[in-house]
**Student:** 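Got a structure for you, questions after.
Residue numbers count from 1 along this sequence. Every number for a ligand or one of its atoms is a count from 1 in the order of the listing.
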Amino acid sequence: MKTQLFVYTGTGNSLWIARRLALELNEAALEFMQFPLSDLKVEADRVGIIFPVHIWGLPVRVIQFINHLQVNPETYLFALAVNAGQPAATLLQLQRLMSARQGLLSAGYSMVLPSNYIPWGGPGPTEKQQRLFKEAQGKVKAIAGSILRGERRRVDRGPLWQNVLFSWIYQISFRSVHKLDKNFWVDDKCNRCGICSKVCPAQNIEMVNEKPVWLHRCEQCLACLQWCPQEAIQYGKKTVKYLRYHHPEVILKDMLEQAKPNKV
Ligand SMILES: Cc1cc2nc3c(=O)[nH]c(=O)nc-3n(C[C@H](O)[C@H](O)[C@H](O)COP(=O)(O)O)c2cc1C
Ligand code: SF4
Ligand code: SF4
């Protein structure tokens with residue numbers, strides 16, 4: 001049986017999970033979720049998507065990807081929503097989106113890893129991060145077993161109050177996500193290396209006079225801020241004092257691979 005995984009990531013958490021899952025699923029194929037330019041027909045028996053939760057819902061890229069994904073009706077579809085403890089109704093949203101398009105989501109799992117949402121603080125102490133990585137490894141093994149057995153289960157979700165309240169906030173925020181990059185600014189540590197521009201999966205950063213300029217088609221993955229080697233990118237007023245984060249086993253080269261522009 002062939003398994004195909006697609007991943008989207010800002011700071012490597014989802015990529016790390018996807019790689020571990022691919023190994024557990026007997027070397028499943030793994031690809032980055034490119035921003036779709038046309039419909040994508042996938043013939044695998046099992047298709048899984050792994051992505052971060054953004055603002056209590058699906059990132060714009062994941063919605064676009066699902067809207068262009070074509071699978072056979074009998075395909076076993078599953079998802080891992082990587083988050084910092086509040087998946088809310090993200091997997092229910094995915095379930096609705098998939099059923100409107102190509103079929104049933106057979107299983108959907110929440111995976112908790114350190115937070116990369118720096119405007120609300122850093123990723124937490126190292127011991128807590130290590131604990132989350134360890135717990136995630138155990139959960140990935142269990143999930144892989146369930147997938148290999150072809151089990152169908154209710155998707156993970158948050159408490160009802162979070163699902164209602166946060167889904168409402170998601171609806172309101174979603175429309176303006178692409179413009180949230182107006183809050184980025186660069187301090188005088190910038191050494192003009194251009195990495196922020198190269199790492200952006202949305203090609204949303206242009207170097208003008210050797211300084212980054214954001215072009216308002218942002219996906220809010222925070223890769224630019226978190227991967228800047230000088231920690232020179234700030235978001236609003238508070239990030240100056242917060243620690244940067246990316247998964248310790250994911251390297252810049254991985255992120256540059258994801259950010260390669262689509263072939264037309
Ligand atoms: C814009 C943005 C919004 C986020 N919103 C949520 C959220 O609603 N709930 C949550 O638990 N984590 C949230 N997070 C945290 C990420 O989901 C979490 O850190 C995830 O592991 C990041 O995965 P990645 O490294 O693959 O990008 C958010 C992160 C970003 C950048
Ligand atoms: S990655 Fe950081 S240091 Fe390099 S150009 Fe961008 S802002 Fe400047
Ligand atoms: S500008 Fe930054 S936050 Fe926005 S999509 Fe690009 S890398 Fe992600």
Side-chain angles (χ1 to χ4, degrees), residues 7-19 32-33 35 50-62 80-90 110-124 129 132-133 136 158 162-163 165-167 169-170 173-174 177-235 244-250 252 254-255 258-259:
V7 64
Y8 173 55
T9 190
T11 50
N13 284 348
S14 306
L15 180 58
W16 179 72
I17 291 286
R19 283 180 170 158
F32 285 112
M33 212 181 280
F35 202 88
I50 301 105
F51 59 87
V53 172
H54 281 176
I55 324 178
W56 303 292
L58 295 174
V60 59
R61 176 167 301 230
V62 176
L80 275 67
V82 182
N83 65 89
Q86 291 190 342
T90 305
S110 159
M111 295 289 316
V112 179
L113 284 182
S115 175
N116 67 353
Y117 193 61
I118 192 168
W120 286 357
Q129 292 182 37
L132 292 175
F133 296 146
Q162 278 189 10
N163 301 349
L165 176 64
F166 293 159
S167 298
I169 299 174
Y170 172 87
S173 326
F174 186 77
V177 160
H178 58 290
K179 284 193 258 170
L180 290 177
D181 60 3
K182 64 182 186 305
N183 298 313
F184 287 119
W185 56 280
V186 179
D187 67 28
D188 54 17
K189 297 196 293 300
C190 174
N191 66 2
R192 307 169 178 208
C193 68
I195 285 174
C196 50
S197 167
K198 292 188 192 121
V199 87
C200 173
Q203 285 87 48
N204 184 43
I205 302 176
E206 197 177 326
M207 295 300 285
V208 178
N209 298 328
E210 299 183 310
K211 285 281 170 85
V213 172
W214 283 263
L215 303 173
H216 311 313
R217 46 173 191 254
C218 182
E219 299 179 12
Q220 274 292 291
C221 69
L222 295 188
C224 52
L225 180 152
Q226 300 280 16
W227 290 92
C228 167
Q230 300 300 312
E231 304 192 358
I233 301 182
Q234 310 297 343
Y235 188 87
R244 271 35 183 182
Y245 172 80
H246 62 77
H247 191 283
E249 291 175 30
V250 172
L252 181 62
D254 299 319
M255 302 303 299
Q258 169 177 251

**Student:** Would you mind finding which of E219, H178, R61, K198 brings a heavy atom closest to atom 5 (S) of ligand 3?
**Tutor:**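 Going through E219, H178, R61, K198 one by one, E219 has the nearest heavy atom to atom 5 (S) of ligand 3.
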**Student:** Please round to the nearest 0.5 Å and tell me the distance separating atom NZ of K198 and atom CD1 of I205.
**Tutor:**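 The CD1 atom of I205 is 12.0 Å from NZ of K198, to the nearest 0.5 Å.
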**Student:** Can you tell me how far the CD atom of Q129 sits from the NE2 atom of H247, to the nearest 0.5 Å?
**Tutor:**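 So the CD of Q129 and the NE2 of H247 are separated by 9.0 Å.
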**Student:** Identify the closest protein heavy atom to atom 3 (S) of ligand 3: which residue and atom is it, and at what distance?
**Tutor:**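 For atom 3 (S) of ligand 3, the nearest protein heavy atom comes out as L222 N, 3.2 Å.
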**Student:** Please assess F184 against L222 for the test side chain to side chain contact (heavy atoms under 4.5 Å, CB included), listing each intermediate value before the final yes or no.
**Tutor:** CA-CA 10 Å; F184 287 119; L222 295 188; 3.8 Å; yes
**Student:** Show me which atoms of ligand 2 lie under 4.0 Å from any heavy atom of M207.
**Tutor:**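 Answer for ligand 2: 5 (S).
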**Student:** If you measure from CH2 on W227 to NE2 on H246, what distance do you get to the nearest 0.5 Å?
**Tutor:**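 That separation rounds to 4.0 Å.
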**Student:** For a distance under 2.8 Å, give residue and atom name for each protein N, O or S atom next to atom 4 (Fe) of ligand 2.
**Tutor:**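 Near atom 4 (Fe) of ligand 2, the protein supplies C193 SG.
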**Student:** Who passes side-chain hydrogen bond (donor to acceptor under 3.5 Å, both in side chains) against S110, sequence neighbours left out?
**Tutor:**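 Applying side-chain hydrogen bond (donor to acceptor under 3.5 Å, both in side chains) to S110 gives N83.
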**Student:** Which label fits W56 and W120: parallel for a plane angle under 30°, tilted from 30 to 60°, or perpendicular past 60°?
**Tutor:**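 Correct class here is tilted.
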**Student:** As an exercise, state the distance from NE2 of H178 to CG of L215, rounded to the nearest 0.5 Å.
**Tutor:**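 Between H178 NE2 and L215 CG, I get 12.5 Å after rounding to 0.5 Å.
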**Student:** Taking non-hydrogen atoms within less than 4.0 Å of ligand 1, which protein residues qualify?
**Tutor:**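 Answer by chain and number: T9, G10, T11, G12, N13, S14, P52, V53, H54, I55, W56, V82, N83, A84, G85, Q86, P114, S115, N116, Y117, Q220, L222.
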**Student:** Are side-chain heavy atoms of R61 and F51 found at a separation under 4.5 Å?
**Tutor:**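 The answer is no, as the side chains (C-beta and beyond) never meet within the 4.5 Å cut-off.
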**Student:** Of all the heavy atoms in N204, does at least one lie under 4.0 Å from an atom in ligand 3?
**Tutor:**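 Contact present.
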**Student:** Is any side-chain heavy atom of H54 less than 4.5 Å from a side-chain heavy atom of C221?
**Tutor:**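 In short, these two side chains touch, coming nearer than 4.5 Å.
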**Student:** Do me a favour and list the nearest non-hydrogen protein atom to atom 4 (Fe) of ligand 3 with residue, atom name and distance?
**Tutor:**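 Residue, atom and distance for the closest contact: C218 SG, 2.3 Å.
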**Student:** Side chains of residues 9-18: which donor-acceptor pairs under 3.5 Å do they make with residues two or more places apart or in other chains?
**Tutor:**
| from | atom 1 | to | atom 2 | distance (Å) |
| --- | --- | --- | --- | --- |
| T9 | OG1 | G12 | N | 2.8 |
| T11 | OG1 | N116 | ND2 | 3.0 |
| N13 | OD1 | Y245 | OH | 2.6 |
| N13 | ND2 | P114 | O | 3.0 |
| W16 | NE1 | E249 | OE1 | 3.1 |

**Student:** To the nearest 0.1 Å, how far is atom 2 (Fe) of ligand 3 from its closest protein heavy atom, and which atom is that?
**Tutor:**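 That would be C224 SG, 2.3 Å.
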**Student:** When you measure from atom 2 (Fe) of ligand 3 to the N, O or S atoms of C200, does any of those distances fall below 2.8 Å?
**Tutor:**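 It does not; every qualifying atom lies at 2.8 Å or beyond.
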**Student:** List the closest protein heavy-atom neighbour of atom 8 (Fe) of ligand 3: residue, atom name, distance to the nearest 0.1 Å.
**Tutor:**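 Here the nearest protein heavy atom works out to C221 SG, 2.4 Å.
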**Student:** Which atoms of ligand 3 are found less than 4.0 Å from any heavy atom of W214?
**Tutor:**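 It comes down to these atoms of ligand 3: 1 (S).
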**Student:** Working to the nearest 0.5 Å, report the span between CH2 of W185 and CD of Q234.
**Tutor:**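 The distance works out to 5.0 Å.
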**Student:** Which distance, rounded to the nearest 0.5 Å, do you find between the CE of M33 and the OH of Y8?
**Tutor:**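 Reported to 0.5 Å precision, the distance equals 9.0 Å.
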**Student:** Would you indicate whether the side-chain heavy atoms of Y170 and L58 approach each other to under 4.5 Å?
**Tutor:**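 With C-beta onward as the side chain, the pair touches.
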**Student:** Can you tell me if K179 has over 12 outside heavy atoms packed within less than 6.0 Å of its NZ?
**Tutor:**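 Counting neighbours around NZ of K179, 12 or fewer heavy atoms of other residues, nucleotides or ligands fall under 6.0 Å, so no.
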**Student:** Nearest protein heavy atom to atom 7 (S) of ligand 2, by residue and atom, and its distance?
**Tutor:**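 Atom 7 (S) of ligand 2 sits closest to the protein heavy atom I233 CG1, 3.5 Å.
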